[in-house]
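Input: a single structure, listed below in structure tokens.
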There are 2 protein chains.
Amino acid sequence: MTVADLHADHCGDKPDCKHGRGGCDDCKVRLFSVCAALEPDELEEMGHISQVKNFPAKTMLFDQGAQAGAVFNVTEGVVRLYKSLPDGRRQIVGFALPGDFLGLALMDRYGVAAEAVSPTRVCRFSRSTFLSFVDGKPHLLRRLHEFAGHELSLAQDQMLLLGRRNADEKVAAFLLNLQARYARIGAKSVTVPLPMSRQDIADYLGLTIETVSRTLTKLAKEKALVVVPDGVRLLSIDRLDNLAAA
Amino acid sequence: MTVADLHADHCGDKPDCKHGRGGCDDCKVRLFSVCAALEPDELEEMGHISQVKNFPAKTMLFDQGAQAGAVFNVTEGVVRLYKSLPDGRRQIVGFALPGDFLGLALMDRYGVAAEAVSPTRVCRFSRSTFLSFVDGKPHLLRRLHEFAGHELSLAQDQMLLLGRRNADEKVAAFLLNLQARYARIGAKSVTVPLPMSRQDIADYLGLTIETVSRTLTKLAKEKALVVVPDGVRLLSIDRLDNLAAA
DNA sequence: CGGTAAGTTGAATATTGTCAACTACCGTGG
DNA sequence: CCACGGTAGTTGACAATATTCAACTTACCG
């Protein structure tokens, strides 16, 4: 897993394109994903019921409120998960990175919409097939539940951020958080790629695009970071940590 | 289940007081709680491993970050779940009502703190005992996972509220939400009890106590509601719905 | 009663949002 | 290869919403 995997190479612009190569055995995210709970024979079966699929940037994986026909395991790329108000205001509730599972709740409708931020590759499972697969595999269900618990915990952190932190703190926490998540999947670096737009960041942090931009400029002036193309380089983790202080 | 059950009668001020009476059979929240997934014999066993416990208002059930020694099923009362920043800022991430389960994630540490808002009664389970109990009962684990998925969905709604709604919309959504939750547990009424303080409401909505107060006054002036002791009476659901518009 | 905690209201302030102009970047096509 | 057009991002001036600080009222409990 490298920073390069934040962008899946894809076959032209076709949203689906099955690659013959690569089963679950050499899947780069297997150990971070729900699949790590599986025995070798189960993993084999998992490979049979899944379908590799590519989504170019800006394409939608599924829409909020739609019948949940499938669940997904992200293997490459970045996905934004969001909710919208009727008047167009948008709140991004999370960015899914390689290893993340979409449709964790296993509910019959999607609670959020999902769009590829960068070219994305996923393992796709029909929801009903996946449900049958899970049935009778309590260890997999336990793993899914662990993931859900983790998601819930992240959501609660984000509530604290949205409700009680100012713009500086929000941006600092966001960058450190993203850095930590990249590190977990093996892309440890002080240069944090930001494949998502300023608007995405704003909609994630409950700010406007202008405030995000100003805050980054301010942090750059303070020598806490440098804005680079499609990312930031963190200069003073201390300074940022201090702002983000959990 | 009535509005009265939002306050548990309790034995003096002792935080623990086992009532001999009442097993799971005549539990008022059984059908709303995780227990509804259980077979009669399992329910019987559940009764044996649980302990009824009372928490007077303002007492803490558990603290953020503490070793998760127990999980709880709330049967009466209201509990606030919150996270705090080092400087004292607080974000309430949810209010638990009768039927709600605390410690759903089954993680080894509590991610949030929990305090009784009103006198509260719970079924308490040692976490390890509960884990053993769940082990080998996939239908119960499924039920817990459903609850977790629901919690996650609520958390995402709350993110949208915190990040993208103004004060009026926040308060209106909060009141309607609470009314709907009371209705689900059988306390349907246009008079919405507010056992929690204005500070609690503010910390839940990402506002200050003054803004909450002003907003309620404003909505009262608009004849959308009337502020009554320990609650509000909703006069114009339409007007509030319009503000809260999901 | 008297004292404390909770809630309301007002005036001033501040942070963030809005609107608008401007700049940088990137791919396309002449 | 450079010009063009479009998108994304930055910056500035001003406005608005919510916060802060403070006074005051009300309700509650001993």
Side-chain angles (χ1 to χ4, degrees), chain A residues 7 13 56-58 80 85 87-91 115 117-119 161-175 193-222 225-232 243, chain B residues 7 13 56-58 80 85 87-91 115 117-119 161-175 193-222 225-232 243:
Chain A
H7 294 52
D13 281 325
K58 298 181 191 177
R80 57 175 166 252
L85 288 171
D87 63 4
R89 283 176 289 176
R90 183 180 74 154
Q91 178 66 41
E115 270 176 19
V117 169
S118 54
L161 178 145
L162 289 168
R164 289 301 181 215
R165 297 181 117 122
N166 64 29
D168 292 1
E169 295 170 332
K170 285 178 177 182
V171 172
F174 169 66
L175 296 175
L194 296 175
M196 67 291 288
S197 69
R198 294 289 188 271
Q199 187 63 63
D200 285 341
I201 298 174
D203 286 347
Y204 182 58
L205 300 178
L207 298 171
T208 58
I209 182 174
E210 293 94 336
T211 300
V212 171
S213 185
R214 275 188 253 272
T215 304
L216 286 174
T217 303
K218 184 179 159 198
L219 291 173
K221 279 192 183 132
E222 292 175 6
L225 55 80
V226 185
V227 179
V228 298
D230 302 311
V232 293
L243 280 173
Chain B
H7 293 53
D13 281 324
K58 298 180 190 177
R80 59 176 163 251
L85 289 171
D87 63 6
R89 284 175 289 177
R90 184 180 71 152
Q91 178 66 41
E115 270 176 19
V117 168
S118 53
L161 179 145
L162 290 168
R164 288 301 181 217
R165 298 182 118 124
N166 63 29
D168 291 2
E169 295 170 333
K170 284 179 177 182
V171 171
F174 168 67
L175 296 175
L194 296 175
M196 67 291 287
S197 69
R198 293 288 187 270
Q199 186 64 63
D200 284 341
I201 298 174
D203 285 348
Y204 182 57
L205 300 177
L207 298 171
T208 59
I209 182 174
E210 294 95 333
T211 300
V212 171
S213 184
R214 274 187 253 272
T215 303
L216 286 173
T217 303
K218 183 180 160 198
L219 291 173
K221 278 190 183 136
E222 292 174 7
L225 55 80
V226 186
V227 179
V228 299
D230 302 311
V232 293
L243 281 172

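Quick note on labels: first sequence line is chain A, next is B, and so on, each numbered from 1.
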Roughly, in whole Å, what's the span from [atom1] in [X] to [atom2] in [N]?
X: B:Leu194; N: C:dA6; atom1: CG; atom2: C1'; value: 14 Å
X: B:Lys170; N: D:dA18; atom1: NZ; atom2: P; value: 8 Å
X: B:Asp200; N: C:dG7; atom1: CG; atom2: C1'; value: 13 Å
X: A:Ile201; N: D:dG9; atom1: CD1; atom2: P; value: 8 Å
X: B:Asp203; N: D:dA18; atom1: CG; atom2: P; value: 17 Å
X: A:Leu162; N: C:dT15; atom1: CG; atom2: C1'; value: 16 Å
X: B:Arg89; N: D:dT20; atom1: CZ; atom2: P; value: 10 Å
X: B:Asp87; N: D:dT20; atom1: CG; atom2: P; value: 11 Å

Of A:Ala167 and A:Pro229, whose closest DNA chain C nucleotide lies nearer the 5' terminus? A:Ala167

Side-chain donor or acceptor of B:Arg164 paired with backbone N/O of A:Arg89 under 3.5 Å: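 Answer holds: no.
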
So does A:Thr211 get a backbone contact from the side chain of A:Thr215, meaning a donor-acceptor N/O pair under 3.5 Å?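 The answer is yes, because a donor-acceptor pair under 3.5 Å joins these two groups.
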
Which nucleotide in the set [options] lies at the smallest distance from any side-chain heavy atom of [X]?
X: B:Glu210; options: D:dT11, C:dG7, C:dT9; result: C:dT9
X: B:Asn166; options: D:dC21, D:dT10, D:dA18; result: D:dA18
X: A:Ile209; options: C:dT8, D:dT10, D:dT11; result: D:dT10
X: A:Arg214; options: C:dG7, D:dA13, C:dT16; result: D:dA13
X: B:Lys58; options: D:dA18, D:dT11, C:dA6; result: C:dA6

Please say whether more than 12 non-hydrogen atoms of neighbouring residues, nucleotides or ligands are located less than 6.0 Å from CG in A:Asn166. yes

When you check the phosphate oxygens OP1 and OP2 of D:dT20, does a side-chain N or O of B:Thr208 lie under 4.0 Å from one of them? no

Does A:Arg198 put a side-chain nitrogen or oxygen below 4.0 Å from OP1 or OP2 of D:dT10? yes

Which part of the nucleic acid, if any, lies within reach of B:Leu207 when heavy atoms closer than 4.0 Å are counted: base, sugar-phosphate only, or nothing? sugar-phosphate

Could you tell me whether B:Thr211 contacts a base, only the sugar-phosphate backbone, or nothing, with contacts defined as non-hydrogen atoms closer than 4.0 Å?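 The answer is base, as B:Thr211 lies within the cut-off (heavy atoms under 4.0 Å) of a base atom.
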
For the residue pair B:Leu219 and B:Val232, establish whether any side-chain heavy-atom pair is separated by less than 4.5 Å. no

From the options A:Ile201, A:Leu175, A:Leu205, select the one residue that forms a side-chain contact (heavy atoms from CB on, under 4.5 Å) with A:Lys170. A:Leu205

